[in-house]
Colleague: 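Below is the structure I would like to discuss, written out as structure tokens.
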Amino acid sequence: MAASNLVALTPTTLPMKSSNPFFGNPVSAFKIEPISRSLTSLQACVPRAVLSSPEPKTQNFQHCFTKSEDGFLRCEEVKVEEVMQVAEKRPFYLYSKPQITRNVEAYKEALEGLNSIIGYAIKANNNLKILEHLQKLGCGAVLVSGNELKLALHVGFDPTRCVFNGNGKILEDLILAAEAGVFVNIDSEFDLENIVASAKIVGKKVNALLRINPDVDPQVHPYVATGNKNSKFGIRNEKLQWFLDAVKAHPNELKLVGVHCHLGSTITKVDIFKDAAGLMVNYIDQIRDQGFEIDYLNIGGGLGIDYYHTGAVLPTPRDLIDTHIELVSPPPPDAETSTFDVVGPVCESADFLGKDRELPTPTKGAGLVVHDAGAYCMSMASTYNLKMRHLNTGFVFVLELIDDDGSVSKIRHGETFDDHLMFFEGL
């Protein structure tokens, strides 16, 4: 659920990709075949979308973490142990700016020649410095709240390259979206009413996409599956005609410019995206047959990552479950290898980072790195147990960034106990 790709449908290409600039790999592409414009019927004048079968390509991504010959773990050639020594607090998140750049460039290369937008889902990580870097790389933004829209505009994202998603968008937020001119996905009857109301209030026509639920099983945990028939997201295909009629009834408020679907997160099988895209192509044809000018196909979803850094294009289901943990510095020569449960201090039985992990017995104070925390970890962090998000205990912490020149900088201030008391001042 980290990102999506918005692709303009031209007479030559209809690509399908889901992206996460931090992790993931490109999937397949689709093509539109033009039909002779000498024919006068609307159906004949509109390009037909058909499935193509491009040659599969394997891409090997350079990873920022490496283990050097001296046994030290390095990130972009910088010793992680040295970063630990200069960090204000431990634990902390460590990001690689060059790695983010490499991953975005990999998606750009895959989409070369296509009129497309790589949209980064701000919900996955809303750190201002990371978003500024993604904006400079040319990414658009995928939004699910008014505050995320405000943040995207503050960072400098082009609103015409932003998409507003979500099944519970409130009128206040939709007014901001209509004013800014972002794409808005229609997710339900309730959603459509609010979008129409926002357009009337602002006095602008909203460029809308229909979020159609393709009823494709992504074969992932049910809590991160969003494309099944019983999902709370999207409209069921049997109600498509009702929504098309509703859009027709509001020509001054809505312009239907595309369709959207979202399958879920941690998806490891490219065929799942291909199946969904085939269905969406059929819906595009049906909608165009009724006179709508559909210009965009927006397919979202989160691709799995290679937790073991084996070089796999897509990870196995086991890779998705078993987080990769290793020591930052070499253990003592006589360190015994044992099986450990790596746990946290929070009063919650699920507070563990890994179980049954074989590791050299670490010395007191030794550092551990959990590779590729994935999307949402920072943005969904809480202050449960009043463990503020920067202390030596708890889930989330001060963030460090390794820059292109190998320098390390802090990219977020930590929270303090005084910050908690501030919410009650004057009450």
Colleague: State whether the side chain of T361 and the backbone N or O of E336 hold a donor-acceptor pair below 3.5 Å, judged by distance alone.
Modeller: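 Yes, the answer is positive, given that a donor and an acceptor are paired below the 3.5 Å cut-off.
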Colleague: I'd like to know if the side chain of E358 pairs up with that of T337 as donor and acceptor (distance under 3.5 Å, no hydrogens or angles considered).
Modeller: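 Not at all, the side chains of E358 and T337 share no donor-acceptor pair under 3.5 Å.
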Colleague: I need the E148 CD to F164 CZ distance, nearest 0.5 Å.
Modeller: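 Atom-to-atom, E148:CD and F164:CZ are 8.5 Å apart.
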Colleague: Would you say the ring centroid of F157 lies under 6.0 angstrom from that of Y120?
Modeller: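 No, ring centres 6.0 Å or more apart.
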Colleague: How many angstroms lie between atom CG of N127 and atom NE2 of H133, to the nearest 0.5 angstrom?
Modeller: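 The CG atom of N127 sits 12.0 Å away from the NE2 atom of H133.
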Colleague: Could you measure the distance from the OG atom of S116 to the CG atom of N298? Nearest 0.5 Å is fine.
Modeller: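 CG of N298 is found 11.5 Å from OG of S116.
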Colleague: I'd like to know if the side chain of K169 reaches the main chain of G146, judged simply by a donor and an acceptor atom lying under 3.5 Å from each other, with no hydrogens or angles considered.
Modeller: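 No: the side chain of K169 does not pair with the backbone of G146.
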Colleague: Would you say that F65 contacts L94 through its side chain, given a criterion of any heavy-atom pair below 4.5 Å between the two side chains?
Modeller: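 In contact.
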Colleague: Could you go through N165 and L143, starting from their C-alpha distance and side-chain angles, then the distance that decides it, and tell me whether this counts as side chain to side chain contact (heavy atoms under 4.5 Å, CB included)?
Modeller: CA-CA 6 Å; N165 289 341; L143 322 162; over 6 Å; no
Colleague: Within this structure, what is the CD1-CD1 distance for the pair I175 and I201, rounded to the nearest 0.5 Å?
Modeller: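 So the gap between those two atoms works out to 4.0 Å.
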Colleague: Does R74 come within less than 4.0 Å of E77, counting only side-chain N to carboxylate O?
Modeller: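 Not counted as a salt bridge, because no side-chain N and carboxylate O are separated by less than 4.0 Å.
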Colleague: Would you check if D187 and L192 make a side-chain contact, meaning some heavy-atom pair closer than 4.5 Å?
Modeller: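 With C-beta onward as the side chain, the pair stays apart.
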Colleague: Considering all heavy atoms of both residues, which atom of N185 and which atom of L209 are nearest to each other, and what is their separation?
Modeller: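 Residues N185 and L209, closest heavy atoms: OD1-CB, 3.0 Å.
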Colleague: Can you tell which of V163, V142, L149 makes a side chain to side chain contact (heavy atoms under 4.5 Å, CB included) with V182?
Modeller: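 Of the listed options, the one satisfying the test is L149.
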Colleague: Below 4.5 Å, heavy atoms only, C-beta onward: do L131 and L151 meet side chain to side chain?
Modeller: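 Touching, per the 4.5 Å side-chain cut-off.
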Colleague: As an exercise, state the distance from CD1 of I195 to CG of L171, rounded to the nearest 0.5 Å.
Modeller: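 Here the rounded value is 10.5 Å.
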Colleague: If you measure from the Lys or Arg side-chain nitrogens to the Asp or Glu carboxylate oxygens, is any gap between K204 and E253 under 4.0 Å?
Modeller: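 Salt bridge between K204 and E253, a charged N being under 4.0 Å from a carboxylate O: no.
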Colleague: So, do I212 and L240 sit near enough that their side-chain heavy atoms are less than 4.5 Å apart?
Modeller: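 Yes, side chains in contact.
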Colleague: Measuring from I287:CD1 to L210:CG, what's the distance to the nearest 0.5 Å?
Modeller: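 Between atom CD1 of I287 and atom CG of L210 there are 5.5 Å.
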Colleague: Kindly indicate whether the side chain of H260, heavy atoms from C-beta on, has any atom under 4.5 Å from the side chain of M280.
Modeller: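 No, their side chains stay 4.5 Å or more apart.
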Colleague: Taking side chain as C-beta onward, heavy atoms only, is F72 less than 4.5 Å from E81?
Modeller: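 F72 vs E81: side chains touch.
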Colleague: Give a yes or no on whether the backbone of I100 and the side-chain of R102 come within a donor-acceptor separation of less than 3.5 Å.
Modeller: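 It does not hold such a pair.
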Colleague: Would you check if the side chain of K97 reaches a backbone N or O of I130 as a donor-acceptor pair within less than 3.5 Å?
Modeller: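 Checked: no pair found.
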Colleague: Keeping N207 on the side-chain end and L256 on the backbone end, is there a donor-acceptor pair under 3.5 Å?
Modeller: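 No; zero donor-acceptor contacts below 3.5 Å.
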Colleague: On a heavy-atom basis, which atom in D356 and which in D341 lie closest, and how many Å separate them?
Modeller: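 The pair with the smallest heavy-atom distance is N-OD1, 2.9 Å.
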Colleague: Would N125 and Y95 count as having a side-chain donor-acceptor pair, cut-off 3.5 Å?
Modeller: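 The criterion, which ignores hydrogens and geometry beyond distance, is satisfied for Y95 and N125.
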Colleague: Between P331 and T363, is there a side-chain heavy-atom distance shorter than 4.5 Å?
Modeller: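 Sidechains of P331 and T363: no contact.
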